[in-house]
Each structure stands twice: as C-alpha cells, then as structure tokens.
Amino acid sequence: MEGITEGVNNININISDSYKKNRIQVSNTKKPLFFYVNLAKRYMQQHNEVELSALGMAIATVVTVAEILKNNGLAVEKKIMTSTVDIKDDSRGRPVQKAKIEIVLGKTANFDELMAAAAAEDGENGDAEEQST
C-alpha cells in the first residue's frame with residue numbers, strides 16, 4: 001500500500017499542454033472574426049505569442065485571423081501543426097475524424113509600436129467624436 005501512495009505522490013501532471021493561457025480555440029459560428037483578431041492581439045501583448053486552434057469548418061477562420069495579423073505587420077508565424085482527431089458523433093454512434101490546425105504566432109519586432117500608434121489613433125478619433133456632439 002505504501003508503494004502505491006508513493007507512486008501517486010510522485011506523479012507529475014503536465015497541465016501546460018492541456019491548458020495553455022495563450023491558446024485561443026476558434027469556433028466558426030459563435031463569435032465574429034474580429035473578436036478573435038482583437039483577442040489574439042491582447043494575448044500577444046500579454047504572452048509575446050498566441051496559439052490559434054480550430055477543428056473542421058473553423059479552420060478557415062483561424063487561417064484568416066492569422067493572415068490579418070501577419071498582413072498588418074503584427075505577427076510572424078512560428079509553427080503550424082495539422083492533424084486529425086477522433087470526435088464521437090452521437091447521432092452515428094461511432095467516432096468521426098475531424099481536421100485540426102494549430103498556428104503559433106509571435107510578435108513582430110515593431111508590434112508594440114504598431115499597437116501604440118493604433119491606440120493613439122483611436123484616442124484621437126474618440127476625442128473628435130466627443131467634441132462634435
């Protein structure tokens with residue numbers, strides 16, 4: 001019995017793989033596209049990189065988010081992983097394979113400058129609107 005207790009106490013659970021603080025799991029139906037773009041920007045500010053993950057039809061959304069960030073000069077691709085996962089389909093009663101993509105994006109060298117410029121621009125626009133009303 002002591003051997004079992006020692007074994008249980010010595011188990012190391014690697015939580016970082018199953019739950020990452022900088023991972024965004026994208027759905028193609030729940031949120032608008034720019035929700036994910038803005039969330040990815042915030043995650044990159046906090047963690048220096050973001051992992052975008054999606055299954056099936058949501059893959060197009062992840063790719064679009066990544067391309068928007070890259071084309072605006074905010075992100076660089078670090079890693080792209082594709083795979084298939086078995087998802088249990090309740091209606092058929094058997095597992096169904098779904099495509100999965102994970103894209104890791106990192107900040108560009110001028111990320112902070114671009115974000116500061118965008119924030120300043122938003123601030124100026126907000127002031128102008130307040131003055132005109």
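Small disclaimer: the values here were computed from a predicted structure and weren't measured.
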Kindly work out whether a path of hydrophobic side-chain contacts (I/L/V/M/F/W/Y, heavy atoms less than 4.5 Å apart) joins [X] to [Y].
| X | Y | value |
| --- | --- | --- |
| I59 | L55 | no |
| V65 | V63 | yes |
| I80 | I24 | yes |
| V50 | I68 | yes |
| L114 | L105 | yes |

More than 12 non-hydrogen atoms from neighbouring residues, nucleotides or ligands closer than 6.0 Å to CE on M81, yes or no?
-> yes
So which heavy atom on [X] is nearest to which on [Y], and how close?
| X | Y | answer |
| --- | --- | --- |
| E102 | S53 | CG-OG, 3.9 Å |
| A54 | V26 | CB-O, 3.9 Å |
| V85 | K100 | CG1-CD, 4.0 Å |
| M44 | L74 | CE-O, 4.1 Å |
| L69 | A40 | CD1-CB, 3.6 Å |
| A66 | I103 | CB-CD1, 4.2 Å |

Sequence neighbours excluded, the answer for salt bridge (charged side-chain N to carboxylate O under 4.0 Å, His left out) partners of E67 is K70
By salt bridge (charged side-chain N to carboxylate O under 4.0 Å, His left out), which residues pair with E49, not counting sequence neighbours?
->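 Applying salt bridge (charged side-chain N to carboxylate O under 4.0 Å, His left out) to E49 gives K78.
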Roughly how far, to the nearest 0.5 Å, is the OG1 atom of T61 from the CD1 atom of I101?
-> 11.5 Å
How many angstroms lie between atom NZ of K98 and atom CG of D86, to the nearest 0.5 angstrom?
->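 The CG atom of D86 is 12.0 Å from NZ of K98, to the nearest 0.5 Å.
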Please step through side-chain contact (heavy atoms from CB on, under 4.5 Å) for the pair L52 and Y36, ending with a clear verdict.
-> CA-CA 9 Å; L52 302 168; Y36 293 112; 5.8 Å; no
Check against side-chain contact (heavy atoms from CB on, under 4.5 Å), F111 and Q45 | CA-CA 9 Å; F111 175 88; Q45 281 177 320; 3.5 Å; yes
